[in-house]
Amino acid sequence: MNYKLFLLSLIAVIAMATPAFAGTKSVKNTDVNVPSDTEKVAAQVAEHEINVYSDNYTDGDKFDGLTRKVGFDRMIPPHALEVCYEKTTHIIFPSEIVYCDLGNENLVAGLADGAKNVLRVKSAFKSFKQETNLSVITEDGSYYSFNVKFAKEPLLLNIEMTDFLHDGEAVNRPNNAQEIYLEKLGSESPILVKLIMKSIYKQNKREIKHIGSKRFGVQFLLKSIYANNGLLYFHTELKNTSNIPFDVDYVSFKIVDKKVIKRTAMQEQVLEPLRAQNYVTVVHGKQSERTVFALEKFTIPDDKQLVIEIAEKEGGRHQSFVVENEDIVRANVIDELSIQ
């Protein structure tokens with residue numbers, strides 16, 4: 001009887017202990033925080049962001065997708081510029097201004113009257129604390145950047161920006177210049193166009209000897225035609241053997257019909273030069289001047305011809321000559337490697 005009583009008591013104890021053990025195990029599973037797959041990914045992303053952006057990054061530092069940080073070797077260092085309210089700062093650029101952007105409303109700027117390469121800048125308010133910026137693009141394809149601050153008495157009021165070509169002298173091009181391709185020059189670099197025109201002007205070769213006009217003591221010559229990358233370059237010379245200065249009114253390039261004696265505007269196609277090296281406004285007595293014009297590439301139909309004319313202001317010594325299509329197609333090809 002004692003043995004049976006002991007066995008029954010043991011079964012009862014085991015039956016009572018099993019639910020308790022199971023319950024304890026269940027509680028332990030509930031208390032342990034096992035991370036889900038989403039939480040694991042989030043932790044990995046957070047660790048990655050800290051490694052990339054450092055531990056003090058903000059949401060503004062992050063970009064979506066694979067993004068490469070812009071290094072300082074890609075930066076165009078800006079110039080420092082001071083402005084004030086009572087005085088105007090003038091910046092003289094080596095070429096005509098085609099674009100200007102002001103950082104905020106603290107600045108006012110505009111072209112100087114009658115000067116397309118001079119920018120006048122001043123503060124719009126009697127003072128401002130926040131630094132702003134100014135960006136300028138010129139016709140020769142150069143980009144200029146300025147950081148602008150307010151100063152009661154700016155140290156520099158008249159600033160002349162350096163020509164990046166330095167008139168052909170052997171100097172390094174500064175890294176604050178960025179070459180901008182302009183729509184009207186197509187795929188040609190504005191800097192290269194300027195170098196080509198300078199080189200043609202400097203070499204001063206007369207490769208065409210049958211095209212020109214001469215009367216009233218004035219001679220107008222076409223010295224050469226060059227072609228490069230969709231552009232044509234015409235090298236002209238005006239000689240004044242008289243004692244009276246020749247004041248240039250305009251130089252025109254027109255494609256006209258060969259058979260029309262009395263030409264009208266409807267029968268002329270005017271070609272506008274894109275660039276001019278040493279554009280002449282006056283040729284004094286007993287002197288001569290040369291100009292290199294850059295025009296968009298063209299050819300002339302058989303029944304038409306190119307007329308290049310130079311007119312004297314308030315005078316009658318106009319000069320003109322004819323260029324045939326065969327002269328155009330025989331234009332010399334420019335070797336860019338030999339440009340000086």
Side-chain angles (χ1 to χ4, degrees), residues 58 60-64 67-167 169 171-195 197-198 274-277 294:
T58 63
D61 296 323
K62 295 186 293 184
F63 295 86
D64 294 331
T67 305
R68 181 180 180 183
K69 185 178 181 180
V70 178
F72 283 99
D73 61 329
R74 294 291 180 266
M75 183 183 75
I76 302 174
H79 295 279
L81 183 66
E82 295 178 336
V83 297
C84 68
Y85 181 75
E86 303 293 342
K87 298 179 180 179
T88 301
T89 301
H90 287 84
I91 310 174
I92 305 171
F93 295 91
S95 185
E96 180 180 337
I97 299 169
V98 296
Y99 170 86
C100 178
D101 179 77
L102 306 178
N104 59 25
E105 68 279 0
N106 290 333
L107 299 179
V108 291
L111 294 178
D113 294 340
K116 296 182 179 180
N117 67 319
V118 179
L119 185 70
R120 47 188 177 87
V121 188
K122 65 186 306 180
S123 172
F125 305 98
K126 292 188 176 181
S127 68
F128 62 85
K129 295 182 179 180
Q130 184 179 6
E131 179 180 303
T132 184
N133 71 325
L134 169 68
S135 300
V136 174
I137 297 176
T138 55
E139 192 180 32
D140 62 359
S142 298
Y143 178 88
Y144 300 83
S145 177
F146 303 86
N147 280 341
V148 188
K149 287 187 176 182
F150 180 87
K152 292 183 179 180
E153 286 293 335
L155 181 62
L156 304 175
L157 285 176
N158 303 295
I159 303 168
E160 183 178 10
M161 304 306 297
T162 305
D163 186 346
F164 294 134
L165 295 179
H166 295 276
D167 294 326
E169 294 181 3
V171 294
N172 292 328
R173 184 170 175 235
N175 60 356
N176 65 319
Q178 176 60 50
E179 191 173 356
I180 308 298
Y181 284 71
L182 304 177
E183 182 178 357
K184 64 181 180 179
L185 289 182
S187 61
E188 187 65 292
S189 158
I191 296 291
L192 182 57
V193 171
K194 190 172 184 178
L195 281 174
M197 291 193 300
K198 282 180 175 286
L274 304 176
R275 293 285 191 276
Q277 171 67 34

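When reading the values below, keep in mind they use all heavy atoms of this one structure, side chains included, and skip hydrogens, waters and symmetry mates.
Annotation for Thr132 and Gly103: closest pair OG1-CA, 3.2 Å, computed over non-hydrogen atoms. A pairwise comparison of heavy atoms in Leu111 and Arg120 identifies O-NE, 3.4 Å as the closest pair. Taking every heavy atom of both residues into account, Asn106 and Gln130 meet most closely at ND2-O, 4.2 Å.
Between the side chain of Asn117 and the backbone N or O of Phe93 there is at least one donor-acceptor pair closer than 3.5 Å.
In this structure, the side chains of Leu134 and Leu102 come closer than 4.5 Å at one or more pairs of heavy atoms. Side-chain atoms of His79 and Met161, non-hydrogen and from C-beta on, do get closer than 4.5 Å to each other. For the pair Ile97 and Tyr144, the minimum side-chain heavy-atom distance is 4.5 Å or more. When side chains are defined from C-beta on, Lys87 counts as touching Glu153, because their heavy atoms get closer than 4.5 Å. Using a 4.5 Å cut-off on side-chain heavy atoms (C-beta onward), Phe150 and Cys84 make contact.
Crowding of Tyr85 atom OH: a count of heavy atoms from other residues, nucleotides or ligands under 6.0 Å not exceeding 12. More than 12 heavy atoms of other residues, nucleotides or ligands sit less than 6.0 Å from atom CD of Glu96.
Looking at Ile137, Thr138, Val136 one by one, the single match for side-chain contact (heavy atoms from CB on, under 4.5 Å) with Tyr143 turns out to be Ile137. Remark: of the listed residues Asn133, Ile91, Val83, Ile159, Ile91 is the sole one forming a side-chain contact (heavy atoms from CB on, under 4.5 Å) with Phe146.
The salt bridge (Lys or Arg N to Asp or Glu O under 4.0 Å) pairs that include a residue from residues 124-136 are Glu131-Lys149, where partners are two or more places apart or lie in different chains.
Under the 4.0 Å criterion applied to side-chain N and carboxylate O atoms, Glu86 and Lys152 are not assigned as salt-bridge partners.
Put simply, OG1 on Thr89 and CG on Leu156 are 8.5 Å apart, with the number rounded to the nearest 0.5 Å. Distance NZ/Lys122 to OG1/Thr88: 4.0 Å, rounded to 0.5 Å.
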